[in-house]
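A quick write-up on the structure given underneath.
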Amino acid sequence: MNSPRALLGRVRVVLCQAIGLYDGPTGLLLRKQLDRLDGPLRVAVAGQLKAGKSTLLNALVGEQIAPTDAGECTKVVTWYRYGHQPRITLYPNESAPIGLPVRKVDGALRLDLRGLAPDAVDRLLVDWPSANLRETVLIDTPGLGSASAEVSGNAVRFFSPEAGPADADAVVYLMRHLHRTDIRLLESFHTNGIGQPGPQGNPLATVAVLSRADEIGVGRLDALQSARRVAERYRADDRLRVLCGTVVPVAGLLAQTARTLRQEEFSALAALSTAPRAELDAALLSVDRFTGASPELAATLGVSAAARAALLERFGLFGVRLGSVLVRQGFGEPPALAAELVRRSGIDLLRGVLATRFAERRDLLKARSALQALDTVLRNSPRPDTEGVRRMVEHIIADAHEFTELRVLSMLRAGRASLPGPTGAEAERLLGGSGGQIAARLGLPRDAPRAEQRAVVLAALQRWQALAEHPLSGRAFVDVARVVIRTCEGIVAEVS
Amino acid sequence: MPNPKAIELVGIAVRAATAYQRDDLLDRLKWTAERLADPGARVLVVGEFKQGKSMLINALVNAPVCPVDDDVATAVPTEVRYADQPELVLIEQAEPDAPRTERRSVPIDHIAQYVSDTGDPADRSGLRHVEVGIPRSVLADGLCLVDTPGVGGLDSTHGAATMAALPAADAVLLVSDAAGEYSASELEFLRQTTELCPTVCCVLTKIDLYPRWRRIAELDVQRLRAAGLATQVLPVSATLRTAAIDHQDHGLNAESGFPALIEYLRTEVMANSGRLADRSAAHDVLAVTGQLTASMTAELAALRDPEGSAGLLAELARATERVDKLRTRSARWQQTLSDGVADLTADIDHDLRERMRGILHEAELELDAVDPVTIAEQFADWLRRRVAAAASANFVWTNQRVRWLSGRVAERFGADGATGLPVMRGRRQGPALGRVAEFAMPEAESFGFGQKWIIGMRGGYGGTLMVGMASTLAGLTLLNPLSIAAGVLLGRKTIKDERKRQLQRRQSEAKNAARRYIDEVLFQLGKESRDLLREAHRMLRDHFTQLAEELSRSLTESTLAAQRAVKLDETDRERRVLDLEAELARVDHLAATAAELAESAGFRSVTTDSVESEELG
């Protein structure tokens, strides 16, 4: 469907008109929105403190760029975007931007605030030549609920700016378990615009991640199954369904390491896998046992204490356990092991979800952000000659079928328009609840032939038309059915 | 384990008081003996959910008494105590208003069904807490571990309940895992906890899993110190402890950190609670011996120096007068107490009202901005949470102020006469929001198609008629395109107006419901806090009145004894002096033993001054 493109065009036109009317800082703000329309999608990584935000960001980029630490590490909002040359720029609140030297310490980027307090810094901008950043700008945010108020304050300001529109188009929300605070934070995204297409809440611009998934099962080998079960339960939770599109479990540290696996680490794991089982299990009982400095241990395990400590730092106890077992099971080459670890970590699943939910809807999400910004400006500083623009904005929001789809979807998810059993699930899918591509909407594999797509969509169309005309269908049902029918008609036009 | 020395001491004191026929003192000693016999210490295990609280208890007692799961959290408080046979008792309250709770024994292997946040919630309805008894030597000294539902869990309304249980606890273990340093909410919880229960220890769990747990422990300590808390941090690993028990491996056990935790429970918590019991026993015995010797010393003085007895009697009379003044209602301590309680009642009521008003104001702003029906559930949840938080903050403050007041009164009493601070018995209850009916958003008026049609038609009919009548003048029929268009327009306007009116009505109804809810909360909590203060008032008054009465009786006896002594003849007098000296020596010996006990029990107390002393470290 290429109508999001058309939508983007209409938004661009109305933005240009508005820019013509405003000057000064407001005009500048609108001009920035125009630039945003042409730029990549902005995805913020949010969550409470120590949820593993920077680690997950590294796993997504596939490189260790965001600095990570045992203690609280990210103190200011940091943007990672594509650039030909590595470059770091510091934007203080009060003064001009400062270029920082690009330095790597132990493989991770060194970000230095030049002695400024965290709340005196607006943001850091990192340009990095990574293919994974071409399509999206990733924004690392400080932990919400940090014990130091100035650090949390930075994140709060980023997500709910007092003046002007929010900076992110979509949010990946990380949590260790579903804490009540998490629900509250997700709700605040809604009331503060990020989740909203026009006046309605939208769970589709938010994806929740059960980060540190290996720790849910305290590092046991079956920990990730456990995490999947937990995620499944959360996905079915009505309170969460309203707030985010889906819940994905990811073992962040494992993913980050697997995507940056080094030869010496593989050799260490291989050595461990040949060590006697009983001794290895005893050593893997706790982190302190595993990093013990005695020469006998080094001899039995075949890996020096320093190498073991380094391994633990990169893999975590779960990663070491899993890695050594996998090597023993026959993943005898670094690329094979890395691929298997990546698969198990769940990061690919998350990348897939991000691709279907964010990247494919890129234009729609960007259009929505721009309309929101414009709406805020028109509301806050109305002028007699902006009436026309305002009407156009309202018209776009009401008229674009994409927004209608989002509205109906969020209504369905919030349970405000409930459809019986399988019908509800089908409606959500057709409206793009699990991905905006045609194949995903029809519940077909990506490479399904056109003829099959056409057959499926025609069947769906007929079914929904029958449902809409059925005399016993309620009013709310008919409203939803009409939207679904229009979606189906669009798909039919597309595949014919 | 009760201190045999203290029990013996109290026994002698009871015999002495019986011998001297001072039944007023006997009452006090009986209470002392009771307290000594049951020195159990309740240790609350608290923390955010999914941090390993249940696992910690299981590893401590080496038995799977608290269900552990990757996903499902504890939902009902579980008390683990010593018993000769494993047993499980449910403590239920049939209805929220029922005055009494009922106990019901069930097979121990059914525990998960009642305690875990899973299965049928109907099983848990009315369940207040469960008690598990198991034969373990760790618990034999009367240690009672309480597993609490985690704070912050999605379905837990337990935050306030945990808060409420704190004043009755002898110690608190705050559990947090080594995945990360303390968050703002954990620190805030800890701060509130130390205000209600000064013996707090932070336990850092799962250290087997996190390579950097030492750094996290360090950061935690930094955060604690920055917040002005001197609490220690004990790193432990339940996994290692379980493995150590399985393999009978002492080295592993030491690594698990549990020996240090058990040591802490024994030396700090149990011994402290034992010390406290010893100290108050010694204190009581000392007070009793003081009262006993008073009359004997007076008699002895009169016997030894009959000429000076006039002066002695005059002094006794003055003392009696002074003590009698303490007994009158106009005594200065009485005034301090009643003024203090009056001020306190007013302050606390005001504080509560102020907090509730703030919440109501926020709620109204919120309701003005949206259609109440769309946020019914979130709003009810938000309101309940805010009210519970405000209630527990108010509760903490009330407790602090009561403690401060009792200190003031004791000071007054001491300045005027004797000293001694009452042992404040913690209430086993806190803010009881349970009795307040749940907040319910008023139902939306249905505005179905039929109604819309009727209302639209009503408006449209008027419009058609109006324009139609006018247009008949121009020679058109009543139903012409113009009049129909007017009808449609007016009909639509009527529907729109009706919709707006209904929204406004919903908003004002929701606001009214919120107001009613807050009123109800204020009513219940106001009564609660007034009851709490009245209880404290009565307790303090009775305590000091009794002290004054004991003093007065001792003085009367002294006066009588001195008067008797003057009347005796020479030989009787000498015999009586010898008798009295022997008696006095015995009582003095008792006092010396009591003083020794008090000395050995040290000064680690859990009464008023300990909050400050904790902070000073």
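This structure is a prediction, so every number in the text was calculated from the model and none was measured. Order of the sequence lines fixes the chain letters, A, B, ..., with proteins taken first and strands second; residue numbering starts at 1 for each chain.
Inter-residue side-chain proximity for A/Glu72 and B/Leu219 is flagged as unmet; no heavy-atom pair is nearer than 4.5 Å. A/Asp288 has its side chain out of reach of B/Leu240: every pair of non-hydrogen atoms, C-beta onward, lies at least 4.5 Å apart.
Here the closest heavy-atom approach between residue A/Leu317 and residue B/Asp208 is recorded as CD2-O, 3.2 Å. Shown here for A/Val287 and B/Pro211, the closest heavy-atom pair between the two residues is CG1-N, 3.7 Å.
Distance check, rounded to the nearest 0.5 Å: OG1 of B/Thr239 to CZ of A/Arg220 gives 9.5 Å. The CG atom of A/Leu178 sits 12.5 Å away from atom NZ of B/Lys50, with the distance rounded to the nearest 0.5 Å. Between the OG atom in B/Ser256 and the CG atom in A/Leu285 there is a gap of 10.5 Å [rounded to 0.5 Å].
If you measure heavy-atom distances from B/Glu255 to chain A, the contacts under 4.5 Å come from the side chain alone. Using a 4.5 Å cut-off between heavy atoms, A/Asp69 touches chain B through its side chain atoms alone. Residue A/Leu49 touches chain B through its side chain alone, counting heavy-atom pairs closer than 4.5 Å. B/Ser183 touches chain A through backbone and side chain together, each having a heavy atom under 4.5 Å away. Interface residue B/Trp213: only side-chain heavy atoms are found under 4.5 Å from chain A. The contact between B/Ile216 and chain A is made entirely by side chain atoms (from C-beta outward), counting heavy-atom distances below 4.5 Å. Of the two parts of B/Ala179, the backbone and the side chain both hold a non-hydrogen atom closer than 4.5 Å to a non-hydrogen atom of chain A. Residue B/Ile207 touches chain A through its backbone alone, counting heavy-atom pairs closer than 4.5 Å.
Contact count against chain B (heavy-atom pairs under 4.5 Å) is highest for A/Arg289 among A/Gln48, A/Arg289, A/Arg212. Among A/Gly316, A/Ser226, A/Gly52, A/Ala227, the residue with the largest count of heavy-atom pairs under 4.5 Å with chain B is A/Ser226.
Under a cut-off of 6.0 angstrom, the local environment of CZ in B/Arg492 is sparse, with at most 12 non-hydrogen atoms contributed by other residues, nucleotides or ligands. In this structure, A/Lys75 places its NZ atom where only 12 or fewer heavy-atom neighbours from other residues, nucleotides or ligands lie under 6.0 Å away.
For A/Arg176 and B/Glu48, the salt-bridge test fails: no basic side-chain N is under 4.0 Å from an acidic carboxylate O.
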